[in-house]
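Values in this document were obtained by computation on a predicted structure and should not be read as measured data.
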Amino acid sequence: MARKKIGLYSEGSNLNYNHQLYVELGNEELMCLAKNEDSGEVDAFELFSLDKGIKDDWNDIFYEVKSASKIFNHSFKQVFCYFNVEEALLIPEKLLTATSAEDFLNLVYGESNRHEVKYEKLLATKVFINAYRIRKSITELLNRQFIIYQTGHTYSNILNDVMRRPRIDEYFIKVQFYTHHFIVAVWKEERFQLIQSFNYRQAEDVLYYILRVTQQYGFDPNFTVLEVSGLIDLEANIYTRLAQVFKHIKLDSIEQPSGVFRESLAEYPAHYLAPYYKLTL
C-alpha cells in the first residue's frame, strides 16, 4: 500500500499546463512535485511511503498514489522521472558500446529479462556514463500514465550536484538518507571513487557501511568531511553515532528555496528536503 508521509501545497496556486512534474521512484518511496516553469516556484510536493507486499504489484501501488495525490491528476507541460534504484553502474565512456552497459549490469547484478537498460551522461563530467536498469513493468506503467517523459537516475543528480562545486574537500563522503536505505558517494583528492546504495534498519548498520568505506579508501574519520542530507533526524541515534566518529559533519542545504520548500523550513530542516529540491535544478 501507499501512504502519504508529507504533503505541501502553496495556497492559492492552481496546477496547470505551465507546471513541470518531477517524480522520483524507489523501492520504498515515491516523490512527486510540481514546479511552475514561469516563476520557478515549487507549488506542490508529496512524499509517499510504499509498503509493497508480496502480492502487491506496481499497478496497485500507483493506483493508490494517484487516489491520494493532489498532483498526479493534472496535466503537465513536461514530466521528469528519476529512478532511485541500486542496479546502476558508472562506466567509463570509452568502454561503452551498444551492448556493454547491459553486459556489465548482468555481470554485477545477474541476468534478467524483466528489466530494461537505460544510460545517461553526467553533465558535470564527460568521463563516466551512468548505466542502470529498471523493471519493464514500471516503464510500461509510466508509458500509460504519461505521453512523453524524460528519465534520469538519482545517482546522476547527486554526482552532478557535487562535481559542479568549485571545490571538493580532499576526503569527502556524501551520504543521502531515505527511509530504509542510503546512498554513499566518495571523493578522494577531488577524484570520484564510488557511489553505492546500502539498506539499513538501525544505526549500527549505517555506521558499519560508512566505516567500511573509509577503511577501504584509507580515510581518517578525523579529517574526513561527511555531508549528510535526506530523511535523517538530527536527534536520532544514527546522526548521534556518526557525529561521535566524524569530526567534520556538515548538512546539505537549499541555497534559494522556492515555494513550498521555503514555506516549510520551520517544519522540515533544509537538509531533509534538499535531495528532492535538487532534482529540479
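A salt bridge does not link Lys35 to Glu41: none of the charged nitrogens lies less than 4.0 Å from a carboxylate oxygen. Using a 4.0 Å cut-off between a side-chain N of Lys or Arg and a carboxylate O of Asp or Glu, Glu87 and Arg133 qualify as a salt bridge. Note on Arg3 versus Glu64: no salt bridge recorded, every NZ/NE/NH1/NH2 to OD/OE distance being 4.0 Å or above. Ionic pairing of Glu120 and Lys118 is not present here: no N-O contact between side-chain nitrogen and carboxylate oxygen is shorter than 4.0 angstrom.
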Check the pair Lys188 / Asp169 against salt bridge (charged side-chain N to carboxylate O under 4.0 Å, His left out), numbers first and verdict last. CA-CA 8 Å; Lys188 183 176 183 179; Asp169 292 286; over 6 Å; no
Walk me through whether Asp43 and His19 qualify under side chain to side chain donor-acceptor pair (under 3.5 Å). CA-CA 9 Å; Asp43 288 329; His19 282 78; 2.7 Å; yes
From CA spacing to verdict: ring pair (Phe, Tyr, Trp, His ring centres under 6.0 Å), Tyr209, Tyr200: CA-CA 9 Å; Tyr209 287 124; Tyr200 76 94; 9.1 Å; no
Evaluate the side-chain contact (heavy atoms from CB on, under 4.5 Å) criterion for residues Tyr171 and Asp220: first the C-alpha distance (whole Å), next the side-chain angles of each, then the deciding distance (0.1 Å), finally the verdict. CA-CA 8 Å; Tyr171 303 104; Asp220 185 339; over 6 Å; no
Verdict with reasoning, Asn157 to Lys278, per side-chain contact (heavy atoms from CB on, under 4.5 Å): CA-CA 8 Å; Asn157 188 262; Lys278 288 187 175 182; 4.0 Å; yes
Test side-chain contact (heavy atoms from CB on, under 4.5 Å) on Leu194 and Trp187; report intermediate values, then the result. CA-CA 7 Å; Leu194 168 78; Trp187 282 263; over 6 Å; no
Given the rule in the side-chain contact (heavy atoms from CB on, under 4.5 Å) test, do Leu122 and Val127 qualify, once you have shown the distances and angles that lead to the verdict? CA-CA 8 Å; Leu122 297 182; Val127 178; over 6 Å; no
Run Glu46 and Ser69 through side chain to side chain donor-acceptor pair (under 3.5 Å) and show every step you take. CA-CA 8 Å; Glu46 295 174 337; Ser69 174; 2.6 Å; yes
Please step through salt bridge (charged side-chain N to carboxylate O under 4.0 Å, His left out) for the pair Glu140 and Arg135, ending with a clear verdict. CA-CA 9 Å; Glu140 291 168 357; Arg135 289 185 177 273; over 6 Å; no
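Hydrophobic clustering, with ILVMFWY side chains joined whenever heavy atoms are under 4.5 angstrom apart, groups Phe83 together with Val23. Leu95 and Phe128 are assigned to two separate hydrophobic clusters, defined by single-linkage of ILVMFWY side chains at heavy-atom distances under 4.5 Å. Phe192 and Ile183 fall within the same hydrophobic cluster, where Ile, Leu, Val, Met, Phe, Trp and Tyr residues are linked whenever their side-chain heavy atoms come under 4.5 Å apart, directly or through other members. Residues Met163 and Tyr82 fall within the same hydrophobic cluster, defined by Ile, Leu, Val, Met, Phe, Trp and Tyr side chains chained together at heavy-atom separations under 4.5 Å. In the hydrophobic cluster analysis, where Ile, Leu, Val, Met, Phe, Trp and Tyr join through side-chain heavy atoms closer than 4.5 angstrom, Val213 is grouped together with Phe246.
In summary, of the residues considered (Glu190, Glu255, Glu227), a salt bridge (Lys or Arg N to Asp or Glu O under 4.0 Å) with Arg165 occurs for Glu227 alone.
Taking the side chain as every heavy atom from C-beta outward, Tyr22 and Val79 never approach each other to under 4.5 Å. At least one side-chain heavy atom of Glu24 sits less than 4.5 Å from a side-chain heavy atom of Tyr178. In this structure, the side chains of Asn18 and Phe76 stay at 4.5 Å or more apart for every pair of heavy atoms. Contact annotation: the side chain of Glu263 approaches that of Ser10 to within less than 4.5 Å [non-hydrogen atoms, C-beta and beyond]. At a threshold of 4.5 Å between non-hydrogen side-chain atoms, the residues Glu37 and Lys77 count as touching. Contact annotation: the side chain of Arg164 approaches that of Asn160 to within less than 4.5 Å [non-hydrogen atoms, C-beta and beyond]. Within the 4.5 Å cutoff, side-chain heavy atoms of Val184 are placed close to those of Phe198. For the pair Val175/Ile232, no side-chain contact is recorded, criterion being any heavy-atom separation below 4.5 Å from C-beta on.
A distance-only check finds no donor-acceptor pair linking the side chain of Ser264 to the backbone of Glu267 [under 3.5 Å]. Within the 3.5 Å criterion, the main-chain N or O of Ser197 finds no donor-acceptor partner in the side chain of His181. Judged by distance alone, the side chain of Lys136 and the main-chain N or O of Asn113 form a donor-acceptor pair under 3.5 Å.
In plain terms, the two heavy atoms of Arg114 and Ser112 that are nearest each other are N-OG, 3.1 Å. For Thr151 against Tyr132, the heavy-atom pair with the smallest separation is OG1-OH, 3.7 Å. Pairing each heavy atom of Asn130 with each of Ala88, the nearest pair is OD1-CB, 3.9 Å. Annotation for Tyr268 and Leu8: closest pair CE1-CD2, 4.1 Å, computed over non-hydrogen atoms. Nearest heavy atom pair, residue Ala274 against residue Ser253, reads CB-O, 4.1 Å. When all heavy atoms of Gln256 and Tyr277 are compared, the pair lying nearest together is O-OH, 2.8 Å.
Side-chain contact, Asn84 with Tyr155: no donor N or O sits under 3.5 Å from an acceptor N or O. Side chains of His153 and Ser156: a donor-acceptor N/O pair is absent below 3.5 angstrom, by distance only. Side-chain contact of His180 with Asn199: a donor-acceptor pair under 3.5 Å is absent, judged by distance alone.
The local environment of OH in Tyr119 is sparse, with at most 12 non-hydrogen atoms from other residues, nucleotides or ligands closer than 6.0 Å. More than 12 heavy atoms of other shown residues, nucleotides or ligands fall within 6.0 angstrom of atom CG in Asp38.
In this structure, Phe62 has its ring center closer than 6.0 angstrom to the ring center of Phe72. For Tyr149 and Phe80, the ring centers sit 6.0 Å or farther from each other.
Atom CD of Gln215 and atom CG of Leu211 lie 8.5 Å apart (nearest 0.5 Å). In this structure, CG in Leu159 is found 10.5 Å from OG1 in Thr154, a value given to the nearest 0.5 Å. Taking CD of Glu189 as the start and CD1 of Ile168 as the end, the distance is 12.5 Å to the nearest 0.5 Å. For the atom pair Ile254 CD1 and Tyr272 OH, the distance stands at 13.0 Å (nearest 0.5 Å). The CD atom of Glu116 lies 10.5 Å from the CD atom of Glu102; values are rounded to the nearest 0.5 Å. Considering CG of Asn106 and CD of Glu111, their distance stands at 5.0 Å, rounded to 0.5 Å.
Figure legend: cation-pi geometry between Lys5 and Phe48 absent, as NZ or CZ is not positioned both under 6.0 Å from the six-membered ring centre and within 45° of its axis.
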